[in-house]
Engineer: 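First, the structure itself, so that you have it in front of you.
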Amino acid sequence: MRRYLSDWKGFVLNSAFFLNGLLIFLLFFEERVVAPAWMFPIGRLHPAVLHFPLVVLLLYGFWVLIVEKEGSARWNAELADTLLLLGAFTACTAAFSGFLLSREESDASQTLQWHKWLGTGTSIGSLAWYAASKYLPAWRIPAKFVAAGFSALLLVTGHMGGNLTHGEDFLAWSPAGAYDPVPLVSIDQAVVYDHLVQPVLRQKCYACHNADKAKGGLQMQSVALLTKGGKSGMLWDTTSPDLGLMISRVHLPLEDKKHMPPKGKAQLTEEEMLLLSEWVKLGPDFTQKVNALPAQNPLSRYAAQVLGGNEAAEAYDFEAADAAKVKELNTNYRAVRHYAAGSPALFVNFYNQAVFKSGDIGDLLPLKSQIVAMDLSKMPVKDEDLKTIAQFTELRKLVLNFTDIKGNTLAELAKLPKLKELALSGTAVGRVHMEPLSRMASLQKVYVWSTAMTADELAALRQDKKIRFETGFTTDTTLTSLR
């Protein structure tokens, strides 16, 4: 048994020596090295194999640090010897696979270079540690210094690897990828890029497009770098149907190699993809303020969802909803959010009309005393659904743009004593359906762009002194459509 174990250790040790020699050769002559395509899958195993030597070597180092004296209860020389040998062998296999993976990178950043050399140093160092272990009894002070120093090397190397895959400061005390927080602002002060677009880029894109890891030659941390683009050119083209590289790549299938963010990374939500598309359509403009956009612009709706709109300034006299219930009612297609930190007021947005059903509104009734705004744009909402909506008596704002509302039950909304704003653009409502609205004491503004009403009927509505009817831009013969 001891002979079998000895032969096994000899084979592993010789293999480690060979791989380390090959690794040193490849690093010194890497500019001349062209890895064949069949070896790239070995490189892609690097994230899977690197954890074993990291854990084993740290475990061995910890064991050395706690051994008190020869013959102590924690002393097990045979097991420790095997651990260190396995750590040395798997360290060189991880370093070798990491080298192959680095050959797929188009940009050799400083962090990547440091990570390669430190990884190689870890591999050679662990092998040297094994060779010298019989001269470094674990209970002696020199062995403990070596263990502490090698453990520090492992953590630094792992930290740089984490930076490459997960963004800066991955293993630092601050949260992964932490940046200075975006200050909370009201919609009146918010800038589209600073407060809506950049936070999304920071969360979903900066990890691969920064000074240390500029995939495709692209960095995104500043306006200048973003507008410069990368090796494939500018990120946007407002004259192109797909709006250019950035927008087209986020819409590629997840399995496509050019899809962004890459498979395995946090993906953009549908709302975030819409945000980026609408921002690019603006130019893109880095100074555009949110409050200068039309109220029905998707960017305005996104801002209301993320920043909470201006409703936070209102004082509410109702109790906050149960946090567990709010969390329960949040789904992939329905977002329930607080208008502001500390505010009991909630607003609701619905997404994905293909999965929408009337019961999705009724499910929110446990929060009817806290929901002050509801956006059902483009959902297949029917006239009969207004009877359910009329039970949300704290509603101040209701958006029903491009729904299937025909207006037959609009009188139900008279049961909403605090409703101030109603959006009916893109629906089939007619002039006759507006009559019940005129009797609502709280209602201040109604959007009726692109409805079934004629120009004369819209003109008549604008004569109302109590309610402001937003009818869109008109000429003598044309009504501009929202679509």
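Because the structure is a prediction, the values reported are computed rather than measured.
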Engineer: Judged by atom type as modelled, is there a donor-acceptor pair below 3.5 Å linking the side chain of His209 to the main-chain atoms of Cys205?
Structural biologist: no
Engineer: Rounded to the nearest 0.5 Å, what separates atom CG in Leu218 from atom CE in Met260?
Structural biologist: 9.0 Å
Engineer: Shortest non-hydrogen contact from Thr238 to Val280?
Structural biologist: CG2-O, 3.2 Å
Engineer: Evaluate Leu282 against Leu299 for side chain to side chain contact (heavy atoms under 4.5 Å, CB included), listing each step before the verdict.
Structural biologist: CA-CA 10 Å; Leu282 291 177; Leu299 290 173; 3.6 Å; yes
Engineer: Looking at Ala335, is its backbone amide N or carbonyl O close enough to the side chain of Arg337 to form a donor-acceptor pair, meaning the two atoms are under 3.5 Å apart?
Structural biologist: no
Engineer: Take a 6.0 Å sphere around NZ of Lys418 and say whether it holds more than 12 heavy atoms from other residues, nucleotides or ligands.
Structural biologist: yes
Engineer: Taking all heavy atoms of Ala428 and all of Ala452, pick out the closest pair and write down the distance.
Structural biologist: O-CB, 3.9 Å
Engineer: Ignoring hydrogens and angles, tell me if any N or O in the side chain of His338 forms a donor-acceptor pair with the backbone of Leu346 under 3.5 Å.
Structural biologist: no
Engineer: Keeping Ser442 on the side-chain end and Lys420 on the backbone end, is there a donor-acceptor pair under 3.5 Å?
Structural biologist: no
Engineer: State, yes or no, whether a side-chain contact exists between Trp236 and Thr227 at a heavy-atom distance under 4.5 Å.
Structural biologist: yes
Engineer: Starting at CD of Gln391, measure out to CD1 of Ile361 and round the result to the nearest 0.5 Å.
Structural biologist: 11.0 Å
Engineer: I'd like to check the salt bridge (Lys or Arg N to Asp or Glu O under 4.0 Å) partners of Arg431; sequence neighbours left out, ordered by chain and number.
Structural biologist: Glu435
Engineer: Using the test ring-ring contact (aromatic ring centres under 6.0 Å, His included), find all partners of Phe286 that sit at least two apart in sequence or belong to another chain.
Structural biologist: Tyr193, Trp279
Engineer: Take Glu272 and Lys204, measure what salt bridge (Lys or Arg N to Asp or Glu O under 4.0 Å) needs, and give me the verdict at the end.
Structural biologist: CA-CA 10 Å; Glu272 289 168 344; Lys204 303 292 176 71; 2.8 Å; yes
Engineer: Kindly list each side-chain donor-acceptor pair under 3.5 angstrom involving residues 405-414, sequence neighbours excluded, with atom names and distances?
Structural biologist:
residue, atom, partner, partner atom, Å
Asn408, ND2, Asp383, OD2, 3.4
Thr409, OG1, Asp383, O, 2.5
Glu412, OE1, Lys415, NZ, 2.9

Engineer: Between Pro199 and Asp194, what is the shortest heavy-atom contact and its length?
Structural biologist: CD-O, 3.5 Å
Engineer: So for atom CZ, which belongs to Phe318, do other residues, nucleotides or ligands contribute more than 12 heavy atoms lying within a distance under 6.0 Å?
Structural biologist: yes
Engineer: Would you compute the distance between atom CG of Leu243 and atom OG of Ser248 and round it to the nearest 0.5 angstrom?
Structural biologist: 9.0 Å
Engineer: Taking the side chain as every heavy atom from C-beta outward, state whether Phe402 and Ser377 have any atom pair closer than 4.5 Å.
Structural biologist: no
Engineer: Closest heavy-atom contact between Leu235 and Gly229?
Structural biologist: CG-CA, 4.5 Å
Engineer: Would you check, one step at a time, whether the test side chain to side chain contact (heavy atoms under 4.5 Å, CB included) holds for Asp285 with Val192?
Structural biologist: CA-CA 8 Å; Asp285 191 330; Val192 173; over 6 Å; no
Engineer: Check the pair Leu395 / Ile389 against side chain to side chain contact (heavy atoms under 4.5 Å, CB included), numbers first and verdict last.
Structural biologist: CA-CA 9 Å; Leu395 276 179; Ile389 293 174; 3.9 Å; yes
Engineer: For Lys228, does the NZ atom sit with more than 12 other heavy atoms under 6.0 Å from it, leaving out its own atoms?
Structural biologist: no
Engineer: Are any side-chain N or O atoms of His433 and backbone N or O atoms of Gly430, one a donor and one an acceptor, separated by less than 3.5 Å?
Structural biologist: yes
Engineer: How long is the span from the OG1 atom in Thr122 to the CG atom in Leu57, to the nearest 0.5 Å?
Structural biologist: 8.5 Å
Engineer: Is a donor on one side and an acceptor on the other found under 3.5 Å between the side chain of Tyr206 and the backbone of Met220?
Structural biologist: yes
Engineer: Compare every heavy atom of Ala390 with every heavy atom of Leu416, then report the nearest pair and how far apart it is.
Structural biologist: CD2-O, 3.4 Å
Engineer: Looking at residues at least two apart in the chain, or sitting in another chain, which of them share a salt bridge (Lys or Arg N to Asp or Glu O under 4.0 Å) with Lys387?
Structural biologist: none
Engineer: Atom OG1 in Thr451, atom CG in Leu458: separation rounded to 0.5 Å?
Structural biologist: 5.0 Å
Engineer: Checking side-chain polar atoms at under 3.5 Å, does Thr454 have a donor or acceptor matched by the opposite partner on Asp456?
Structural biologist: no
Engineer: Quick one, Tyr302 and Leu196 - any side-chain contact, counting heavy atoms below 4.5 Å?
Structural biologist: yes
Engineer: With a 4.5 Å cut-off on side-chain heavy atoms, are Phe392 and Leu365 touching?
Structural biologist: yes
Engineer: Drop me the distance from Leu201's CG to Leu276's CG, to the nearest 0.5 angstrom.
Structural biologist: 6.0 Å
Engineer: For Arg468, give me all partners under side-chain contact (heavy atoms from CB on, under 4.5 Å), at least two apart in sequence or on another chain.
Structural biologist: Lys445, Glu470
Engineer: Could you give all pairs that pass the side-chain hydrogen bond (donor to acceptor under 3.5 Å, both in side chains) test and reach residues 320-329, with sequence neighbours left out?
Structural biologist: Lys325-Glu328
Engineer: So, for Leu245 and Ser232, which heavy atoms are closest and what is the spacing to 0.1 Å?
Structural biologist: CD1-O, 3.4 Å
Engineer: Considering residues at least two apart in sequence or located in another chain, which fulfil the side-chain contact (heavy atoms from CB on, under 4.5 Å) criterion with Ser358?
Structural biologist: Asp385
Engineer: For residues 366-382, which residue pairs qualify under salt bridge (charged side-chain N to carboxylate O under 4.0 Å, His left out), counting only residues two or more places apart or in two chains?
Structural biologist: Arg301-Asp375, Lys382-Asp404
Engineer: So do the side chains of Val191 and Gln288 get within less than 4.5 Å of each other, counting heavy atoms only?
Structural biologist: no
Engineer: Side-chain contact test, heavy atoms from C-beta onward, threshold under 4.5 Å: evaluate it for Val372 versus Tyr316 and give yes or no.
Structural biologist: yes
Engineer: Which pairs pass salt bridge (charged side-chain N to carboxylate O under 4.0 Å, His left out) with one or both residues in residues 346-361, sequence neighbours excluded?
Structural biologist: Lys357-Asp360
Engineer: Go through the structure and list residues passing side-chain contact (heavy atoms from CB on, under 4.5 Å) with Ser369, not counting sequence neighbours.
Structural biologist: none
Engineer: Just by distance, do the side chain of Asn330 and the backbone of Val326 share a donor-acceptor pair under 3.5 Å?
Structural biologist: yes
Engineer: Which is it for Leu419 and Met440 under the side chain to side chain contact (heavy atoms under 4.5 Å, CB included) test, yes or no, and what are the steps along the way?
Structural biologist: CA-CA 8 Å; Leu419 189 66; Met440 295 178 63; 3.9 Å; yes
Engineer: Indicate whether the side chain of Gln267 and that of His259 have a donor and an acceptor atom separated by less than 3.5 Å.
Structural biologist: yes
Engineer: Excluding sequence neighbours, so at least two apart, what forms ring-ring contact (aromatic ring centres under 6.0 Å, His included) with Phe469?
Structural biologist: none
Engineer: Would you say that His251 contacts Met273 through its side chain, given a criterion of any heavy-atom pair below 4.5 Å between the two side chains?
Structural biologist: yes
Engineer: Can you find a pair of side-chain heavy atoms, one from Arg334 and one from Leu364, that are under 4.5 Å apart?
Structural biologist: yes
Engineer: Taking only residues two or more places apart in sequence or in another chain, which ones pass side-chain contact (heavy atoms from CB on, under 4.5 Å) with Gln353?
Structural biologist: Met379, Pro380
Engineer: Taking the six-membered ring for Trp and the full ring for Phe, Tyr or His, determine whether the centres of Tyr333 and Phe356 are under 6.0 Å apart.
Structural biologist: no
Engineer: Would you say the side-chain atoms of Ser450 pair up with the backbone N or O of Gly426, donor to acceptor, closer than 3.5 Å?
Structural biologist: no
